Amino acid sequence: MPAPDADKFCIHEMDYIWIEFKKHVKEKDGSLTQILRIRKSKGLKNRTGLSKFYNIKAVYNINREKEFYRAPIQYRNNEAEIKITAGKTSFFKVYVFVITETINYIAETSFYVFGSSKNPIHRDILRTELDFLPNLKIIYPEYNYWPQTGQEFKFLLGSDKVNFTVNDAKVIDKGNIETLKLSPDGKFSYIPPSDKLLDLQGISAFKGNILYFRMKSNNKITKLTYTLLLHRSRFANLRLKHGIALFVGTIIFFTFSVLIARKRSPVII
Amino acid sequence: MISKIRLIIQNISFIFLTYGGKLGIHLGYSLPCFSCPYVGGCAGNCYLMALQGNYGFEIAAADVFSTWGERALLIFILFLVLFMLLSKLWCGWICPFGTLQDWFTSLRRKLGIAETEFSWKTRDRQKIIKYILLAALIIIPLCIANFGLHSDFKMPFCQICPAKPIMPLFCGETRHLSLDFTNSITLSFTILSMVITGGLFVGIFFKDRFFCMFCPMLALMHIFSKIGFIHFKKSVNTCQGCGNCKRMCPVDIRDVYLEKENKDVLTEDCMLCLKCIESCPGDSVLSVKFFNLNIFSSSRKYLADKCGRLHGK
């Protein structure tokens with residue numbers, strides 16, 4: 001399900017690219033394809049030379065292995081899409097990037113795809129090094145049935161090959177911008193708030209909040225976004241006391257009903 | 001003797017199916033009994049969950065002739081094979097939720113409380129409920145997959161099944177007793193679940209195998225009962241019509257007593273607990289067979305021995 005209003009993620013003052021989750025498609029052979037859309041903020045659209053997608057590249061890796069694969073970008077109706085297919089259950093990390101003389105725009109996301117096919121899937125392996133990609137490590141909460149609102153996520157930014165300093169870290173949630181807190185251990189932490197719309201949309205609904213990092217290394221700036229795929233909370237709206245009260249109340253009601261009925265006749269109904 | 005063997009098997013099955021997953025055992029998604037998937041560490045899943053979900057009727061029409069459809073078919077065939085092998089023995093001897101109900105019956109008997117009786121008319125009327133539940137758990141997922149019904153209706157039977165809040169308690173999980181205020185659909189389902197569970201809690205205390213009267217798994221099994229390898233036979237010519245079978249039946253089946261032709265008397269509510277055979281005084285009047293191989297049949301001597309043991313002689 002796409003974000004309800006993708007334009008709400010476009011903040012005028014900030015220029016960045018991000019990945020938006022579209023639907024997934026069940027293929028006949030049991031494999032599953034996740035469609036991702038590449039988006040640009042309004043700030044970036046206005047920059048000369050970046051109004052089109054022609055210089056954008058996309059790569060991905062599978063199950064945290066070192067090899068990267070090219071993700072072909074498909075252009076349709078002025079939109080850029082990439083399709084990631086999984087034959088079996090796999091964890092994908094996708095990077096989309098635009099390299100300019102002064103700024104690297106990078107969009108990143110990660111997700112599971114639950115394919116169920118024995119057919120091999122052709123992947124185009126990448127031979128070149130991607131030194132400029134920062135290493136964004138996400139520390140998920142202990143209970144991680146799926147990433148959900150109300151849980152604390154931690155983010156650690158690092159790179160083996162490039163020294164950089166993070167001078168801006170924000171989270172964009174449907175037009176609302178919040179500055180990420182930096183913990184003493186060097187990790188950014190974020191607790192996505194409950195989303196009423198997500199609660200109403202059903203158990204399979206999801207949304208993507210955008211984490212935005214601005215980093216500087218030597219004379220180059222990197223603007224990294226990470227699309228955090230979020231489902232509604234499985235626990236936030238559970239009320240155990242209410243449930244137990246209703247359960248016990250029902251037991252008392254039915255017990256008295258049965259006892260009264262049994263007093264009247266041995267065959268109660 | 002048979003009752004004791006059954007009790008031992010029931011208790012072993014309960015422990016195995018409830019905690020077996022913690023030892024890395026998982027028997028798949030096709031079990032013809034209420035081995036609740038909401039129990040963290042269960043050793044296999046009740047087939048009704050697969051039937052309602054992505055391995056059953058929640059497959060969109062366009063995906064039926066794909067690998068997704070093949071997998072659903074495979075799980076269904078496995079269910080059929082398991083059912084054909086043991087038939088209703090799954091209910092009377094293996095089902096963990098059935099065993100739990102029998103524990104409640106034992107408790108009631110120890111407390112000296114008499115069982116509550118329903119009239120035959122009521123029993124006959126109740127029979128339709130399990131088919132309505134079975135129809136609902138097929139139609140609702142079809143509507144989710146093909147007609148855009150809200151996804152919070154997913155797993156409709158699991159959401160109201162009393163096994164869902166009760167069985168996870170054996171693993172210390174109380175979450176499923178909660179009311180879910182996420183939206184009006186989740187709240188309605190959890191309220192309904194608590195009311196049904198509370199009602200059934202009382203029901204299974206006062207009436208033997210109360211839940212089995214409404215169990216959609218029994219309805220599903222009954223559809224395929226003709227292809228099972230286990231047959232329950234009655235020899236009409238030698239039956240003296242004492243009515244013990246009717247009196248001893250925990251689910252009030254009278255069809256065995258009323259049967260006037262030599263045919264299979266495995267009825268839709270029967271769970272093959274074999275109490276009727278144990279209490280039958282006629283030699284080989286009632287018998288359970290695996291194909292033509294006799295597993296257990298009634299005998300005057302068996303009943304006399306049992307009565308003797310009961311009276312300490």
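As the structure is a prediction and not an experimental result, all values here were calculated from the model. Note on naming: letters A, B, ... go to the chains in the order of the sequence lines (proteins, then strands), and numbering restarts at 1 for each one.
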Should the heavy atoms of other residues, nucleotides or ligands under 6.0 Å from [atom1] of [X] be counted, would the total exceed 12?
X: A:E142; atom1: CD; answer: no
X: B:Y29; atom1: OH; answer: no
X: A:Y140; atom1: OH; answer: yes

Below 4.5 Å from any heavy atom of chain A, which atoms of [X] appear? Answer side chain, backbone, both or neither.
X: B:F205; value: neither
X: B:A60; value: neither
X: B:R71; value: side chain

(message) Can you list the residues of residues 149-160 of chain B that sit under 4.5 Å from chain A, counting heavy atoms only?
(response) B:H150, B:S151, B:D152, B:K154

(message) Give the interface residues of residues 195-203 of chain B toward chain A, defined by a heavy-atom separation under 4.5 Å.
(response) B:V195, B:T197, B:G198, B:G199, B:F201, B:V202

Supply the atom-to-atom distance [X] [atom1] to [Y] [atom2], rounded to the nearest 0.5 angstrom.
X: A:S116; Y: B:Y55; atom1: OG; atom2: OH; result: 6.5 Å
X: B:S178; Y: A:F247; atom1: OG; atom2: CZ; result: 12.5 Å
X: A:K26; Y: B:T67; atom1: NZ; atom2: OG1; result: 11.0 Å
X: B:L177; Y: A:L246; atom1: CG; atom2: CG; result: 10.5 Å
X: B:R175; Y: A:L240; atom1: CZ; atom2: CG; result: 11.0 Å

Please classify the contact between [X] and chain B as side chain, backbone, both or neither, with a heavy-atom cut-off of under 4.5 Å.
X: A:K196; result: side chain
X: A:S31; result: backbone
X: A:F235; result: side chain
X: A:F256; result: neither

Hey, can you pull the donor-acceptor pairs under 3.5 Å for the side chains in residues 81-89 of chain A, sequence neighbours left out?
residue	atom	partner	partner atom	Å
A:E81	OE1	A:R76	NH2	3.0
A:T85	OG1	A:T33	OG1	2.9

(request) Identify, with sequence neighbours excluded, every residue that meets side-chain contact (heavy atoms from CB on, under 4.5 Å) alongside B:S66. (result) A:K28, B:D63, B:W68

(request) With a 4.5 Å cut-off on heavy-atom pairs, point out which of B:N183, B:T182, B:I191 contacts chain A the most. (result) B:T182

(message) What I'd like to find out is whether the side chain of B:T116 reaches to under 4.5 Å of the side chain of A:R262, using heavy atoms alone.
(response) yes

(request) With the side chain counted from C-beta on, respond yes when A:R232 and B:T186 share a heavy-atom pair under 4.5 Å apart, and no when they do not. (result) yes

